[in-house]
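Working notes for the structure below.
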Protein chains: 2
Amino acid sequence: MKLSDRKKKILQYVVDDYISTAQPVSSKVITEKYMQDISSATVRSELAGLEEMGYLSQLHTSSGRVPSIEAYKFYVSELMDRGQLTQAELGTIKSAFKGHADNMEKVVQNAVKVIAELTDYTSVAYTSHNANDKIVKLDIFRNKPNQALLLIVTEQTLIRDKFIEIPEMMSDAQLDDASRFIGRAFIGKELGEIMQMGEIIANEFDCYREIFNSVMSAIEEYIVKDNGEVATAGEGKILNHPEYNDSQKVQNFLSVVTSKDKLVELLKDNGDNIEINIKIGGEDSADMPKDCSLVTATYSASGVKIGSYGVIGPLRMDYQKVVSVLEGVGRILEDILNDKK
Amino acid sequence: MKLSDRKKKILQYVVDDYISTAQPVSSKVITEKYMQDISSATVRSELAGLEEMGYLSQLHTSSGRVPSIEAYKFYVSELMDRGQLTQAELGTIKSAFKGHADNMEKVVQNAVKVIAELTDYTSVAYTSHNANDKIVKLDIFRNKPNQALLLIVTEQTLIRDKFIEIPEMMSDAQLDDASRFIGRAFIGKELGEIMQMGEIIANEFDCYREIFNSVMSAIEEYIVKDNGEVATAGEGKILNHPEYNDSQKVQNFLSVVTSKDKLVELLKDNGDNIEINIKIGGEDSADMPKDCSLVTATYSASGVKIGSYGVIGPLRMDYQKVVSVLEGVGRILEDILNDKK
DNA sequence: TGTTAGCACTCTTTTGGGTTAAGTGCTAAC
DNA sequence: GTTAGCACTTAACCCAAAAGAGTGCTAACA
């Protein structure tokens, strides 16, 4: 069933108005605020049609209309005007990143901070542990008689440190030797590659088998179990929005937003090649809090996607603003990341 | 003014009852639940006395009494019974730490998780960047023509990575040389020590002055600016407590609990040598959320205090339970930390 | 045939008063 | 010093009435 142009216009007005006022929208406000040229009775019959089609609903017979999840989806994909950042907002974004590009983690933290500030929603980001990441440096050195610190630095400048057990009778020189030996074999290789060739080359390391196994399991743990880092900002912003005056809802929301594991689940498979990915309503994904929207963008370095960032908030989200802020941050992020590489 | 024994008893009952029920306490419930041998009229006159002294207050003339901040302080220091952990709780604590001692960060994360779970309050922890921490390893290696990654590992197994600028015309061999040179001078020294001797030895490094300065400023930044790590768990637990049904209060609370900087401010100077430190009501400290209590314990390794952990929540907190959980976690933490060293 | 004015209908929100319940402070007696 | 008794205060509850918001329907109109 196709929507007439007028129905589309009206639907857009309803969603716009509901997003900005959080109040059910009546035929009266549409004629008064947006369409002075037609009567409220006409709008009423159009609204009834839109309700029939599943785009709107009423809380009770004498309330205005509220958009359905389908309405938001349609709004975002076809109706919404693209927003423009003001000069001031652009300035805020730029200055948020000034002088903090020495450390990937900080860049991401600044990103979520400024996004939360500008949009007034909770902002989240995810950086993946990529199997394509290459090892740049590997070092093992003794900490106490039977323990050593394993240090792996990768190209994406992710650093992994982990204590591993070592045989107590091994001399420092032997440990050094083992470290160099394993380093020579692993440096320059991708993490995923190493995982695969594990069994094949294991026998080459026969004399240092124990250490070799520890290194392998550290790499495996890094890629498989501990699969990414997250950053968040503005967790409390959710309370600014009236749909979250129910403490149970807030708690649900916080339990996702403050749990690294849940956030990773939520963010890791997001929008492979699309710039902006919008997930509305949590019904399809078990990890998503109920009645939430997630708007994310991905960021890449050297053409490889390394993570995503965005906002999570109520269905009634100011998508227009959020999208423009994410795009703005994306442009600046790109500059920083490409400058670094 | 001294409190009679009976007044103390009554005050204790009022606080106990208020902590467990969250309802203003009347003279009737005291005689019925706690003191069947005297009449409510007697209790009423005692309550009036306690109110006079500033330990109790009423919301309105016909409500029961609520403890004041002073009452909580007095309760904690003199009235409260010491709690005992159940066998089940002890078991929960122990199993929370099983098999995760390979990484300091994870130990702390497990600590806050189990504390939040057992107490039902938000749990926070702080690990300081200690000026007494000794450098164990220092490494600099090139990343791109004019940038290198500086890697510093300290005894407390804190690792600091930072990109530093290097002269583009410097050869790899020269860089290696500089790295070894600086390493020899710094390894085994305390961070604070290095900061102090900075100017004195600067001229020794004349040929590598630029790199030397970068290393020094990285160390300085680490100790001075970025002074510690925090971990939190159960941020949403605050919503389980009826005094936080006001969204403004929740937001205030979350703005502290989710901000690393504010948490560091709050936790860094806590209770130098005391095992359990209780801060009630935020009026003395600007960083403390209003009407909150903070109960913390410190943890040490090799006799040096390296951080603190605890819970933050409403004034009406179950101090007894919180203290016993913190003590329980402390004992197990100690075992782990000493086993590691 | 689409649009509109008018109106009855539904449901929520607000208002107000009257009752109930909780708890206190005071007084007089023990 | 303790207690029973009672007047007083305040919040909480209930219920009914009124007001308000918004709709759907119908009949008239262009």
Side-chain angles (χ1 to χ4, degrees), chain A residues 1-11 13-15 17-18 21-68 71 242-243 245-246, chain B residues 1-11 13-18 20-68 71 242-243 245-246:
Chain A
M1 170 156 356
K2 270 215 67 187
L3 286 173
S4 70
D5 281 357
R6 192 168 69 181
K7 278 207 174 61
K8 282 188 191 172
K9 267 265 162 279
I10 290 178
L11 183 55
Y13 293 140
V14 171
V15 178
D17 201 77
Y18 187 63
T21 66
Q23 296 299 322
V25 184
S26 71
S27 56
K28 194 170 149 225
V29 325
I30 289 186
T31 53
E32 283 178 357
K33 280 216 261 188
Y34 307 101
M35 305 179 100
Q36 287 88 349
D37 51 335
I38 58 173
S39 84
S40 67
T42 311
V43 174
R44 270 203 293 287
S45 76
E46 295 284 53
L47 290 176
L50 286 164
E51 181 164 358
E52 180 89 3
M53 292 159 143
Y55 287 115
L56 299 176
S57 67
Q58 293 178 285
L59 305 173
H60 51 83
T61 46
S62 76
S63 82
R65 257 80 175 197
V66 162
S68 67
E243 37 272 80
N245 50 11
D246 172 11
Chain B
M1 168 154 1
K2 269 214 68 187
L3 287 174
S4 71
D5 281 357
R6 193 169 66 181
K7 277 207 175 59
K8 282 189 192 171
K9 267 264 161 276
I10 291 178
L11 184 54
Y13 293 140
V14 171
V15 179
D16 274 340
D17 201 77
Y18 187 64
S20 67
T21 67
Q23 297 298 323
V25 184
S26 71
S27 57
K28 195 171 149 225
V29 325
I30 290 187
T31 52
E32 283 179 357
K33 280 215 263 188
Y34 307 100
M35 304 181 100
Q36 287 88 350
D37 51 334
I38 58 174
S39 84
S40 65
T42 312
V43 175
R44 272 203 293 286
S45 77
E46 294 285 54
L47 290 176
L50 286 164
E51 179 163 358
E52 181 88 4
M53 294 159 139
Y55 288 115
L56 299 176
S57 67
Q58 293 178 284
L59 304 174
H60 52 85
T61 46
S62 76
S63 82
R65 258 81 175 196
V66 163
S68 68
E243 38 272 80
N245 51 12
D246 172 11

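Here is how names work: the chains are called A, B, and so on, in the same order as the sequence lines, proteins then strands, and each is numbered from 1. Just so we're clear, the structure is a prediction, and the values are computed from it rather than from any experiment.
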Contacts of B:Glu46 and B:His60 projected onto DNA chain D by closest heavy atom; the upstream (5') one is B:Glu46
A:Lys28 atom NZ: more than 12 heavy-atom contacts under 6.0 Å
no
Enter the distance from B:Lys33:NZ to B:Ser26:OG here, rounded to the nearest 0.5 Å.
9.5 Å
Does the side chain of B:Arg65 get closer than 4.0 angstrom to OP1 or OP2 of C:dG23 through an N or O atom?
no
Reckon A:Ser45 touches a base, only the sugar-phosphate, or nothing at all at heavy-atom distances under 4.0 Å?
nothing
If you assign each of A:Ala48 and A:Ser62 to its closest nucleotide in DNA chain D, which residue comes earlier from the 5' end?
A:Ser62
Does C:dT3 have OP1 or OP2 under 4.0 Å away from a side-chain N or O of A:Arg6?
yes
Distance only, no hydrogens: is a donor on one side chain within 3.5 Å (strictly under) of an acceptor on the other, for A:Asp17 and A:Tyr34?
yes
So the stems of DNA chain C, runs of at least three Watson-Crick or G-U pairs (under 3.5 Å), are C:1-30 with D:1-30
Would you indicate what A:Leu59 reaches in the nucleic acid, counting non-hydrogen atoms under 4.0 angstrom: base, sugar-phosphate, or nothing?
nothing
Counting any heavy atom closer than 4.0 Å, what does B:Ser40 reach on the DNA or RNA strands: base, sugar-phosphate only, or nothing?
nothing
Distance-minimising heavy-atom pair for A:Tyr55 and A:Ala71
O-CB, 3.1 Å
To the nearest angstrom, how far is A:Ile10 atom CD1 from C:dG2 atom P?
15 Å
Are more than 12 heavy atoms, taken from residues, nucleotides or ligands other than A:Glu52, located less than 6.0 Å from that residue's CD atom?
no
Just the endpoints, please: which first and last nucleotides of DNA chain D, 5' to 3', lie under 4.0 Å from a heavy atom of chain B?
D:dT2 to D:dA11
Spacing of CG belonging to B:Leu56 relative to CD1 belonging to B:Ile10, to within rounding of 0.5 Å:
9.5 Å
Distance check, rounded to the nearest 0.5 Å: B:Lys9 atom NZ versus B:Ile30 atom CD1?
12.0 Å
Calculate the interatomic distance between A:Lys7 atom NZ and C:dG2 atom C1'; express it in whole Å.
12 Å
Under 3.5 Å, is there a donor-acceptor pair between the side chain of A:Thr31 and the main chain of A:Ser40?
no
What distance do B:Arg65 atom CZ and B:Leu50 atom CG have between them, rounded to the nearest 0.5 Å?
8.5 Å
